[in-house]
Amino acid sequence: MSSAWLLGKKPPLPLGFSYVTQPPYDAVVIGSLTVSQLLRFRDETVLSALAEGKSVYLYTPGLPEAPKNRALAASLAASQRELKNWGVIFTDGGRKRLITAEEARALRLSGQKPGAGAVMTPLAREILEGSD
């Protein structure tokens with residue numbers, strides 16, 4: 001199982017990672033963010049992981065609920081768009097199952113394909129496309 005550095009609360013659904021608090025790690029999982037954290041997102045570990053080309057996943061049920069204040073809701077939506085533009089992968093952990101490299105190898109060996117809407121790590125994608 002791949003290791004991931006966890007920011008925020010641990011998602012209640014398994015995302016295919018064992019969580020660590022120290023390097024080394026293969027990816028980063030953002031389990032939850034507060035309104036303030038989302039508006040001023042500048043977490044050093046996440047930014048470093050993105051700069052190094054590591055996958056960063058944001059568990060969308062861990063995002064704050066949309067506030068009734070329209071201006072604040074628009075700012076939160078803009079912050080989410082910025083994270084997506086940086087390459088953060090949004091996942092709900094359920095309908096869109098995360099496929100890790102280990103799971104991709106098992107799928108390839110059995111001749112199966114991932115389910116519709118599956119989110120794959122870059123290495124898992126390479127494995128399923130034929131290069132290992």
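Residue numbers run from 1 in the order of the sequence given. Predicted, not measured: the structure shown is a model, and the values here were computed from it.
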So how far is it from L58 CG to W86 CH2, rounded to the nearest 0.5 Å? 11.5 Å

Quick one: pull up CZ in R40 and CZ in R42 and give me the separation to the nearest 0.5 Å. 11.0 Å

Show your working on side-chain contact (heavy atoms from CB on, under 4.5 Å) between L7 and T45 and close with a plain yes or no. CA-CA 9 Å; L7 172 66; T45 303; over 6 Å; no

Applying side chain to side chain donor-acceptor pair (under 3.5 Å), name anything that partners E44, two or more places apart in sequence or on another chain. S48

So, taking the atom named CD in E129 and the one named CZ in R108, what distance separates them when rounded to the nearest 0.5 Å? 10.5 Å

Shortest non-hydrogen contact between S32 and Q37, atoms and distance: O-OE1, 4.2 Å

Can you name the ring pair (Phe, Tyr, Trp, His ring centres under 6.0 Å) partners of F17, sequence neighbours left out? Y57

For residues G31 and Y59, report the shortest heavy-atom separation together with the two atoms involved. O-CD2, 3.7 Å

Flag side-chain contact, heavy atom, 4.5 Å: I89 against V56: no

Return the CH2 to OG1 distance between W5 and T21, rounded to the nearest 0.5 Å. 9.5 Å

Any chance you could measure L83, atom CG, to I30, atom CD1, to the nearest 0.5 Å? 6.0 Å

So, using side-chain contact (heavy atoms from CB on, under 4.5 Å) as the criterion, who are the partners of K84 when residues are at least two apart? F90

Side-chain heavy atoms of T34 within contact of S36, under 4.5 Å: yes

How would you list, by chain and number, every residue that makes a side-chain contact (heavy atoms from CB on, under 4.5 Å) with S110, sequence neighbours excluded? Q112

Run the side-chain contact (heavy atoms from CB on, under 4.5 Å) test against A104 and tell me which residues pass, sequence neighbours left out. I99, A124, I127, L128

Exercise answer: donor-acceptor pairs, residues 70-79 side-chain atoms, under 3.5 Å, sequence neighbours excluded:
{"from": "S75", "atom 1": "OG", "to": "A71", "atom 2": "O", "distance (Å)": "3.2"}
{"from": "S79", "atom 1": "OG", "to": "L38", "atom 2": "O", "distance (Å)": "3.4"}
{"from": "S79", "atom 1": "OG", "to": "S75", "atom 2": "O", "distance (Å)": "3.1"}

Just to verify, what does E52 make a salt bridge (Lys or Arg N to Asp or Glu O under 4.0 Å) with, not counting sequence neighbours? K54

I'd like a table of donor-acceptor pairs (distance under 3.5 Å, sequence neighbours excluded) in which one partner is a side-chain atom from residues 60-68, with atom names and distances.
{"from": "T60", "atom 1": "OG1", "to": "T91", "atom 2": "O", "distance (Å)": "3.3"}

What residues, two or more places apart in sequence or in another chain, satisfy side-chain contact (heavy atoms from CB on, under 4.5 Å) together with D26? S2, S3

Do L33 and Q80 have side-chain heavy atoms sitting under 4.5 Å apart? no

